Structures are given as C-alpha cells and as structure tokens.
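The structure under discussion appears below in the form of structure tokens.
As the structure is a prediction and not an experimental result, all values here were calculated from the model. Each chain gets a letter, A, B and so on, in the order its sequence line appears, and its residues count up from 1.
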Protein chains: 2
Amino acid sequence: MLSKKTKYGLKALAYLAGQPDKKPVQISEIAENENISQKFLESILLSLRKTGFLGSKKGKGGGYYLLRSPEEISMTDVMRVLEGPIAMVPCVSLNFYETCDDCPDEHTCSVHKLMLQVRDSALDVYRNNTLKDIIS
Amino acid sequence: MLSKKTKYGLKALAYLAGQPDKKPVQISEIAENENISQKFLESILLSLRKTGFLGSKKGKGGGYYLLRSPEEISMTDVMRVLEGPIAMVPCVSLNFYETCDDCPDEHTCSVHKLMLQVRDSALDVYRNNTLKDIIS
DNA sequence: TATTACCCTACTAATTTAATAGAGTTTTCA
DNA sequence: TGAAAACTCTATTAAATTAGTAGGGTAATA
C-alpha cells in the first residue's frame with residue numbers, strides 16, 4: 001500500500017511542476033488545492049527540501065519551488081525518498097539490502113526469485129517516468 | 001512491504017510443490033523446515049485451504065497437500081489471497097476498487113497515472129509465474 | 001518592525017501485523 | 001473403541017507504523 005506521505009508528496013510535486021512560473025508557492029495553497037492536511041504536508045515538503053528536490057523561501061511572498069525542471073526528476077528518486085525501498089523484501093533491495101533471518105539460502109528461495117522480478121518491473125516503470133510524464 | 005503472512009504462505013506452497021508425492025504434509029514439518037511459527041503457519045494454511053489452493057486430511061497421517069499441480073497455480077491468485085490488492089492505491093485496483101476521497105478527478109491525477117503502470121507491471125510478473133516457476 | 005511563512009519537537013489515536021495461548025473437534029489407526 | 005494425532009476456532013496481545021494534531025519558535029521580507 002502506498003503511504004499517504006508518498007501520495008501527498010507526489011501530488012505536491014506535480015502541483016509545483018504545473019506552475020506557469022518558478023515563483024514560490026505557499027504550503028496553504030497546495031494543501032487547499034490538493035485536499036491535504038496543512039501540517040502534514042508541511043513535514044512532507046520539508047523532507048523534500050532536505051533531499052534536494054525543493055527549495056524554499058521564507059517571509060512574505062515565500063513558499064516552496066522546484067529546484068530542477070520536471071523532466072529531470074526521476075520517479076525512482078522520489079519514490080525512494082518518500083516511500084523508502086522499492087523492493088517488497090529487504091533481501092532483493094538494491095539500496096536497503098538485508099538478509100532474511102529465516103532464510104538459509106537466497107538462491108534457492110522462491111519468494112526471493114519472485115520478488116526480484118517484481119522489483120525489476122517496478123524499477124522499470126519508475127525509471128521511465130519523470131515528474132513531467134505524470135502531470136496531466 | 002511484503003507481509004510475513006504472504007512470505008510464509010508462498011514458502012509453504014513451494015514446500016508442498018517440492019514434495020515427491022501427493023501425501024499430506026504436517027504443519028509441523030513445514031514450520032520446522034521453513035523456520036515459521038507453527039501456530040501462525042496454521043492460520044495461513046487454513047486460509048489457503050478455504051480459498052481452494054490446499055486440501056487437508058485430519059487424524060494420524062494427515063496434513064496439507066496441493067489440490068492442483070504447481071503449473072496450474074498462478075501467482076496472481078496466490079498474491080490476491082495472501083497479500084490482498086496488487087495495486088498500491090485502491091483507485092487503480094481491479095478487484096478492490098475504491099475512489100479516493102481527496103481526489104476530484106482520477107483522470108488528471110498524477111498518482112493514479114503512475115500507480116496504474118506499477119500495477120500493470122506487477123500483474124505482468126504474477127501472470128507469467130506459476131508455483132512451478134518459482135520453485136528452485 | 002510587524003507580518004508572513006517556514007521550521008521543529010513532541011504527542012497521540014488508530015490501524016495493522018505477527019504472533020501466542022488455549023480449548024475444542026474430527027479422524028484414523030491400532 | 002479409544003486414544004493419539006492433527007486440524008479448527010476464538011480471543012488476546014505486543015510491537016510497529018501511519019497519519020495526523022498541537023503549539024511554539026525562528027527567520028526573512030515588504
């Protein structure tokens with residue numbers, strides 16, 4: 001299941017990508033337009049800023065804005081930051097690898113075998129989609 | 001994240017598929033060999049029996065056995081029973097569809113757009129794998 | 001310099017997951 | 001026939017995660 005955090009984060013990014021200019025957009029504007037709790041959105045945008053996707057400006061006329069153009073923002077990176085591992089089990093994760101304590105051998109594990117394919121197919125989708133591709 | 005329930009269920013199915021004959025296998029044997037809590041596994045096997053994947057036999061010499069041959073068991077069906085929806089958001093689910101209350105229009109929703117592709121790619125993997133394909 | 005807007009910490013309610021415990025029932029073999 | 005083996009069912013619980021709430025603090029700009 002996709003977390004609300006990821007869902008809201010994606011919507012906020014898409015909202016910013018849909019702006020005609022690069023002027024900062026206030027949290028309250030995004031929250032209202034996308035039906036998101038403002039405080040919750042605040043924490044999400046903060047983490048997107050800390051990971052280099054967004055810039056922010058304080059004071060009157062301030063807000064958040066994209067640091068890169070939408071076609072340069074890959075869904076792979078966004079998903080990893082917002083949702084975490086793309087793999088459904090740690091033993092097939094590229095960036096968050098861990099062994100399973102119950103599994104004697106990954107190479108003969110049927111779950112491993114299946115989940116490896118699922119990870120690769122998801123990665124394929126994320127790699128082929130930038131923020132530009134998913135805005136209406 | 002894949003739930004333990006699904007992971008254990010898949011392992012148990014693979015274990016049964018790897019049996020030389022169709023004799024019932026006791027829960028305790030599967031639990032020991034796959035390092036699964038016996039009681040937890042019990043409930044998982046029960047649900048696999050109720051959904052038509054497994055048969056069971058009570059009494060001495062009893063246990064669980066596959067009702068169909070491994071190449072007839074599609075991962076799509078198994079995943080839906082054990083893990084639930086394959087889609088990451090209800091609004092792109094084929095079998096568990098629900099609208100999002102925060103979303104005014106699915107057709108212009110960027111999350112919807114992306115998750116539709118992720119669902120299809122996962123379905124592709126599950127449809128192309130039977131239980132036979134994933135046993136070592 | 002006052003207002004606007006971002007920044008940060010802590011808390012909490014609800015939900016889900018992964019068990020655990022224990023009693024009960026059915027079947028089969030000896 | 002009767003006892004053991006094995007499945008069936010219900011209820012409880014501990015831990016983790018999620019989604020959000022509350023509220024105060026800080027920085028920047030007109």
Phosphate OP1/OP2 of D/dC7: any B/Tyr65 side-chain N/O under 4.0 Å: no
Whole-Å distance separating the CD atom of A/Gln26 from the C1' atom of C/dC7: 16 Å
Touch class at under 4.0 angstrom, heavy-atom based, for A/Lys7 against every strand present: nothing
Side chain to side chain, B/Lys11 and A/Cys103, heavy atoms closer than 4.5 Å: yes
Rounded interatomic separation in angstrom, taking CD1 from B/Ile36 and C1' from C/dT17: 16 Å
Between the protein and nucleotides 21-25 of chain D, are there any N/O to N/O pairs under 3.5 Å, and if so, what are the atom names and distances?
unit_1	atom_1	unit_2	atom_2	d
D/dT21	OP2	A/Ser37	OG	3.4
D/dG23	N7	A/Lys39	NZ	3.3
D/dG23	O6	A/Lys39	NZ	2.1

Interatomic distance, A/Leu48 CG vs C/dC6 P [rounded to whole Å]: 14 Å
Earlier contact from the 5' end, DNA chain D, for B/Arg49 and A/Ser3: B/Arg49
Integer-rounded Å distance: C/dT15 C1' and A/Lys4 NZ: 13 Å
Would you mind writing out the side-chain donor-acceptor pairs for residues 79-88 of chain B within the sub-3.5 Å range, not counting sequence neighbours?
unit_1	atom_1	unit_2	atom_2	d
B/Glu83	OE1	B/Ser3	N	3.4
B/Glu83	OE1	B/Ser3	OG	2.9
B/Glu83	OE1	B/Thr6	OG1	2.3
B/Glu83	OE2	B/Ser3	N	3.4

Modelled atom types, side-chain donor and acceptor of B/Gln19 and B/Tyr65, under 3.5 Å: no
ILVMFWY cluster membership beyond B/Ile135 - transitive side-chain contacts under 4.5 angstrom: none
Spacing between A/Lys5 atom NZ and D/dG20 atom P, to the nearest angstrom: 13 Å
Sugar-phosphate, base or nothing in reach of B/Leu45, heavy atoms under 4.0 Å: nothing
B/Ile27 CD1 - D/dA5 P separation (whole Å): 15 Å
Could you pull out all donor-acceptor pairs under 3.5 Å where a side-chain atom in residues 49-62 of chain B meets a protein atom, sequence neighbours excluded?
unit_1	atom_1	unit_2	atom_2	d
B/Thr51	OG1	B/Ser47	O	2.7
B/Thr51	OG1	B/Leu48	O	3.3

Spacing between B/Leu46 atom CG and D/dA6 atom C1', to the nearest angstrom: 13 Å
Name each donor-acceptor pair under 3.5 Å that joins a side chain in residues 109-117 of chain B to protein atoms two or more places apart or in another chain, with its distance.
unit_1	atom_1	unit_2	atom_2	d
B/Gln117	OE1	A/Asn129	ND2	2.9
B/Gln117	NE2	A/Asn129	OD1	3.4

Same apolar cluster (I L V M F W Y, side chains within < 4.5 Å links), A/Leu94/A/Tyr126: yes
Shorter than 3.5 Å, N or O on both sides, protein versus nucleotides 24-30 of chain C: list them out with atom names.
none

Under 4.0 angstrom between A/Tyr8 side-chain N/O and D/dG20 OP1 or OP2: yes
A/Leu41 CG to C/dC7 C1', straight-line distance once rounded to whole Å: 14 Å
Main-chain N/O of B/Glu71 paired with B/Ser69 side-chain donor or acceptor, under 3.5 Å: no
Short side-chain donor-acceptor distance under 3.5 Å, A/Asp133 and A/Thr130: yes
D/dT8 phosphate, OP1 or OP2, under 4.0 Å from B/Ser56 side-chain N/O: yes
